[in-house]
2 protein chains.
Amino acid sequence: MSLPLHERIRADIEGQILSGTLAPGDRIPTEHALMAEHGCSRMTVNKALSSLAAARLIDRRKRAGSFVAHPRLHAMILDVPDLPQEVLARGQCYEYRLLTRKVKPSKPAQDKLFDVGPGRVLEVSGIHLADGRPLAVEHRQVSLESVPSIEDAAFDRDPPGTWLLRHVPWTEAETRISASAADSRTAALLQVQPGAPLLQIERRTWRGDDPITAVRQSFLGSGYDLFARFNATESAKR
Amino acid sequence: MSLPLHERIRADIEGQILSGTLAPGDRIPTEHALMAEHGCSRMTVNKALSSLAAARLIDRRKRAGSFVAHPRLHAMILDVPDLPQEVLARGQCYEYRLLTRKVKPSKPAQDKLFDVGPGRVLEVSGIHLADGRPLAVEHRQVSLESVPSIEDAAFDRDPPGTWLLRHVPWTEAETRISASAADSRTAALLQVQPGAPLLQIERRTWRGDDPITAVRQSFLGSGYDLFARFNATESAKR
DNA sequence: AAATATTTGTACGTATGTATA
DNA sequence: TTATACATACGTACAAATATT
């Protein structure tokens, strides 16, 4: 195989950090020492160390040297699911049922937590079904100022989330995850008893400063899990 | 201010991508073109483009050139909270109450979903309280093979999560988030009615191949939200 | 308090290797 | 096959920050 030299150097040090041979706070050899050790130029060592610094495995301070970073506040990658894909991946049959779809005119003030700006807004509600059984209800608003082309989409078959995923890249997003008891209307839509536990996901996304969409999805507690897997060393490589 | 040149070049291109001036699939000027445009060396241009590639904003292909990446499957950074910090940040008073603490001897087979390996295991259960009111119950197992030093910690005041956060870096983690109804035991501990909605977080972490800990936290649905904020351009800088 | 030495940061120019349209 | 464009690596130089003297 034979990795590039700077990656081998990186892997070498990374291994020592992850195995505990180098503990948090320990000093990494200087670039000069490493270039002697590996018989290479400083640029090459620098690339390896820069990469480790970018991955936040080490801290670098001028004059002082490079040190194994103290374990950072834990963070994980949470995939923002495309529901049709998720359901199909589980071997189930996916279906979307549109409930309501309307264009709301500009309004000065709106619900604080569910606001996609002052302009015209497309409001879509629907149900996601897996194997014919309700999985989640979704209420979504999309800014027609930011995404005018979405007004042509019907959403009688595909959910708006899938359309947005394919057409509009976002740069910023906020997600709130909580558990709540089903109110009577939601319970009826999901065909469960009122009070049944729901996993609720609220998300707002922006492109730069322009709001794109705000969505609230209420999942059947018994039918859906969010799952995240994170590998600290794969996250910020290269 | 005056950023380093390679960061200015990066910011320049990044701005064009995020604003839509450069759309997914569009070609970025070659390194040679950019080095002429900015009047700098290829190394400098290369550093800027490599950084964009690491952030997955562009794809680089030999001979073909560099292209604006198609929006990847959306992912968000989910902070794994340190509960004491979170609660204090909300201006509430945090308290931890130990329920049980025992060392379990090696057992050949264990619960599949809640398993930290074959060796000796520390098992700790406790309640997190905010302003004196129950917020979550936690059941945790820690591998004493991987983290022998934790046997000396009492956990009568600080939760094991905080201890682990400070002492043991992890490299891999899995998190599962779901909503469920409180069983009678948990309901009693949290002082709610059985059947109340709970936000349940299950997490297992490893250091390399060694399991470190497995934890199940059940949060009062009404008292806790998980919150994630993600900025596509801040995520993989440098 | 100031000077010095050390270490990282940035950037230059050059050279060669490698994948591929 | 060939030319292109990125990938890796060399060596050098100077700047910036900061521990130590």
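A, B, ... follow the sequence lines: proteins, then strands. Residue 1 opens every chain.
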Checklist entry - CD1 of Ile150(A) to CZ of Phe155(A): how many Å apart, nearest 0.5 Å? => result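 CZ of Phe155(A) is found 3.5 Å from CD1 of Ile150(A).
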
Checklist entry - Which value, rounded to the nearest 0.5 Å, describes the distance between Gln200(B) atom CD and Gln217(B) atom CD? => result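 Result: 10.0 Å between the selected atoms.
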
Checklist entry - Is there a donor and acceptor pair closer than 3.5 Å between the side chain of Arg63(A) and the base of dA5(C)? => result yes

Checklist entry - How do Leu5(A) and Lys62(A) order along DNA chain D: which one's closest nucleotide is nearer the 5' end? => result Leu5(A)

Does a side-chain N-to-carboxylate-O contact under 4.0 Å join [X] and [Y]?
X         : Y         : result
Glu31(B)  : Arg60(B)  : yes
Lys47(A)  : Glu7(A)   : no
Glu174(A) : Arg176(A) : no
Glu95(A)  : Arg97(A)  : yes

Next on the checklist: Base, sugar-phosphate or nothing for Arg27(B)? Non-hydrogen atoms, less than 4.0 Å.
Outcome noted: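 It contacts sugar-phosphate atoms only.
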
Checklist entry - To the nearest angstrom, how far is Phe67(B) atom CZ from dA21(C) atom P? => result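 The distance from CZ of Phe67(B) to P of dA21(C) comes to 9 Å, rounded to the nearest Å.
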
Next on the checklist: Output the rounded distance in Å from CG (Leu3(A)) to C1' (dG17(C)).
Outcome noted: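 Rounded to whole Å, this separation is 16 Å.
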
Checklist entry - What are the two closest heavy atoms between Thr21(B) and Asp26(B), and how far apart are they? => result O-OD2, 4.1 Å

Next on the checklist: Quick check: do Ile13(A) and Pro29(A) have side-chain heavy atoms less than 4.5 Å from each other?
Outcome noted: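 With C-beta onward as the side chain, the pair stays apart.
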
Checklist entry - Which nucleotide of DNA chain D is the first, and which the last, in the 5' to 3' direction, to come under 4.0 Å of a heavy atom belonging to chain A? => result dT8(D) to dT20(D)

Checklist outcome for this item: When both distances are under 3.5 Å in a Watson-Crick or G-U wobble arrangement, the nucleotide paired with dA1(C) is none

Item to check | Interface residues of residues 30-49 of chain A with DNA chain C (non-hydrogen, below 4.0 angstrom) | outcome: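 Hits under 4.0 Å, by residue number: Thr30(A), Glu31(A), Arg42(A), Met43(A), Asn46(A).
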
